[in-house]
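All chains are named by letter (A, B, ...) in the order of the sequence lines, taking the proteins before the strands, and each is independently numbered beginning at 1.
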There are 2 protein chains.
Amino acid sequence: MTRSVPKVTLQRYPIYLKALRKLKQLGVKKIMSSELAKYVDILPTTIRRDFSLIGRLGKQGYGYDVDELIEIFSNQLNIDFDERIVLIGVGNLGKALLKYNNWDHVLGEVTCAFDKDPDNIGDINVPLYNINDFAKYKPQGCRIAILCVSENVQETVNMLVENGIKGIVDLTHEHFVVPEDVHVRYVDIVSSIIEVVFEVNEDDRKR
Amino acid sequence: MTRSVPKVTLQRYPIYLKALRKLKQLGVKKIMSSELAKYVDILPTTIRRDFSLIGRLGKQGYGYDVDELIEIFSNQLNIDFDERIVLIGVGNLGKALLKYNNWDHVLGEVTCAFDKDPDNIGDINVPLYNINDFAKYKPQGCRIAILCVSENVQETVNMLVENGIKGIVDLTHEHFVVPEDVHVRYVDIVSSIIEVVFEVNEDDRKR
DNA sequence: AGTGATATGTGAATGAATTGACAATATTCA
DNA sequence: TGAATATTGTCAATTCATTCACATATCACT
């Protein structure tokens with residue numbers, strides 16, 4: 001992973017990983033780009049190109065070894081992350097996410113959570129602290145935060161950034177701004193719905 | 001919206017819409033591409049180009065009218081409040097989503113929910129039916145489903161598709177396949193985290 | 001009303017991503 | 001063991017997206 005990976009490829013890696021896991025579960029041992037292509041609906045060439053950015057993962061005349069591929073993907077992605085992730089805001093959604101915390105062992109789990117009102121939250125499976133003590137309890141080297149708060153979003157973000165957070169996965173519906181060296185990914189169901197609706201409508205028009 | 005809109009532009013529309021709503025709420029009446037640019041972190045030219053695909057929305061020497069823009073976007077995107085959306089699978093996550101149901105009045109709320117075990121679910125704020133009765137209780141004209149099940153994913157998807165679902169917003173971690181006229185958007189926190197981590201790491205390397 | 005200032009909309013240039021085509025190479029089977 | 005087969009990895013061509021640069025249109029002010 002030394003070369004710069006196109007943004008779009010980056011978006012496809014998780015798709016591959018997910019599909020490969022499923023295939024493994026189905027007992028598939030080897031796969032070739034053309035089969036995988038049908039499975040994930042991405043052209044074989046694109047797949048091979050994407051894979052080749054990580055290394056020579058396949059064997060000519062044979063295909064790719066599923067286990068090996070999963071291994072390599074996880075490692076390659078994992079190198080880049082023994083990553084400590086914190087969850088900010090333990091409301092309904094935050095709680096639901098924590099229950100997911102066994103995220104397929106795809107990445108480091110959520111290390112701890114913060115909330116403005118930690119006393120009124122039931123039992124959760126990670127340590128929970130007051131958001132005001134973020135500086136104090138922030139795990140060493142933690143750079144990534146999942147943002148689930150519903151109030152004071154901008155203020156919270158500012159505080160996180162001041163304390164070294166470099167990447168935010170945003171689950172609020174609020175808009176906020178960050179310095180340019182901080183990366184945000186929006187996880188927004190509403191936006192996704194809009195996009196799907198739009199696609200469906202475009203299809204309709206064509207017919 | 002007669003011309004085909006680039007995929008990437010499509011992904012930006014919801015970002016614009018969200019930002020514009022926020023601006024409106026703050027009392028902003030007009031905005032120019034350069035201001036909006038700082039706000040959403042997209043270059044002014046890109047913004048203007050994206051907008052121009054819909055029509056001549058702005059006024060030279062003046063900028064864009066916020067209200068008007070929101071209006072046009074919503075219309076053009078066909079994000080009516082009429083869109084009937086169903087939720088499939090009312091587990092932790094599904095329940096958390098239902099609590100969000102007042103999605104900023106951006107689009108139609110979730111009309112009803114389905115689960116394989118509707119009796120063991122507490123109080124929720126929409127009608128709840130057994131997934132086996134989907135055909136019976138599916139709202140008229142409903143095309144969009146939010147998928148939150150954790151088991152029998154493929155089977156569930158097949159059933160939905162057979163019953164006229166054309167767009168799926170997928171919150172499972174499972175891989176599944178759909179006919180090509182069905183559109184899927186993955187909402188996957190794990191993937192998002194992976195992407196953010198990548199970006200942060202890439203930044204690190206550059207410095 | 002007319003003129004200057006300003007921001008849009010877009011053609012042309014650049015840059016990024018996808019796809020086609022094939023040489024290189026591992027595997028398989030005689 | 002060696003030839004035939006099958007599939008990868010990658011160069012080159014193409015398609016798609018971004019950005020530049022400026023002509024064009026609207027507003028604001030005198």
Side-chain angles (χ1 to χ4, degrees), chain A residues 1-16 19-20 23 28-70 72-73 76 180 195 198-199 202, chain B residues 1-16 19-20 23 28-70 72-73 76 195 198-199 202 206:
Chain A
M1 196 89 53
T2 73
R3 298 234 334 295
S4 131
V5 179
K7 254 174 86 170
V8 200
T9 296
L10 198 55
Q11 293 182 36
R12 284 192 292 263
Y13 282 151
I15 298 176
Y16 297 137
L20 289 167
L23 287 165
V28 177
K29 291 294 178 205
K30 81 163 189 181
I31 192 155
M32 48 205 211
S33 57
S34 55
E35 290 179 62
L36 186 56
K38 278 180 278 178
Y39 206 62
V40 296
D41 199 27
I42 296 171
L43 289 183
T45 307
T46 305
I47 294 178
R48 295 206 297 278
R49 158 61 53 95
D50 284 348
F51 285 11
S52 78
L53 294 174
I54 294 185
R56 300 177 71 103
L57 310 184
K59 290 173 187 165
Q60 271 125 329
Y62 176 83
Y64 298 89
D65 184 284
V66 175
D67 278 4
E68 205 176 301
L69 219 45
I70 292 176
I72 291 169
F73 263 81
Q76 278 293 341
E180 65 169 328
E195 289 174 41
F198 188 86
E199 286 181 4
E202 273 218 334
Chain B
M1 195 90 53
T2 75
R3 295 232 341 295
S4 125
V5 178
K7 256 174 83 172
V8 201
T9 297
L10 193 55
Q11 294 182 36
R12 283 192 294 261
Y13 282 152
I15 298 175
Y16 298 137
L20 289 167
L23 287 166
V28 177
K29 291 295 179 202
K30 80 162 191 183
I31 192 154
M32 48 205 209
S33 58
S34 55
E35 290 179 61
L36 186 57
K38 277 180 277 177
Y39 206 61
V40 296
D41 199 26
I42 296 171
L43 288 183
T45 308
T46 305
I47 294 178
R48 295 205 299 277
R49 165 90 49 198
D50 285 347
F51 285 12
S52 78
L53 294 173
I54 294 182
R56 300 177 70 105
L57 311 184
K59 289 175 188 162
Q60 273 126 326
Y62 176 82
Y64 299 89
D65 183 283
V66 174
D67 277 5
E68 206 175 300
L69 220 45
I70 292 176
I72 291 170
F73 262 80
Q76 280 293 339
E195 291 174 36
F198 257 75
E199 287 180 3
E202 277 218 332
K206 282 190 210 138

inquiry  = Quick check on C/dG9: is either OP1 or OP2 less than 4.0 Å from any side-chain nitrogen or oxygen of B/Tyr64?
reply    = yes
inquiry  = Whole angstroms only, please: what is the CD-P distance between A/Gln60 and D/dA4?
reply    = 19 Å
task = Using a heavy-atom cut-off of under 4.0 Å over every strand shown, decide if A/Ser33 touches base, sugar-phosphate, or nothing.
result = sugar-phosphate
remark   = Residue pair A/Leu43/B/Met32 against DNA chain C: nearer the 5' end by closest nucleotide is B/Met32
Shortest side-chain distance from B/Tyr62, nucleotide among D/dC27, C/dG20, C/dA17 = D/dC27
task = Counting heavy atoms from C-beta on, name the nucleotide in C/dA17, C/dT18, D/dT8 closest to the side chain of A/Arg49.
result = C/dT18
ask   = When we call it a touch if two heavy atoms are under 4.0 Å apart, what does A/Arg56 touch: a base, just sugar-phosphate, or nothing?
value = sugar-phosphate
query = Are the side chain of A/Tyr64 and the backbone N or O of A/Arg48 linked by a donor-acceptor pair below 3.5 Å?
reply = no
inquiry  = For C/dT19 and A/Thr46 - does any side-chain N or O of the residue sit under 4.0 Å from the phosphate oxygens OP1/OP2?
reply    = yes
5' priority, DNA chain C, between A/Thr45 and A/Gly61 [closest heavy atom] = A/Thr45
task = Would you kindly give the CD1-to-C1' distance between A/Ile54 and D/dT10, to the nearest whole Å?
result = 16 Å
message = Using modelled atom types and a 3.5 Å cut-off, is there a donor and acceptor pairing between side-chain atoms of B/Tyr13 and backbone atoms of A/Glu195?
response = no
request  = For the side chain of A/Ser52, starting at C-beta, report the closest nucleotide among D/dT7, C/dT8, D/dT10.
outcome  = D/dT10
key: Nearest-angstrom distance from the residue atom CG of A/Leu53 to P of D/dC11   = 12 Å
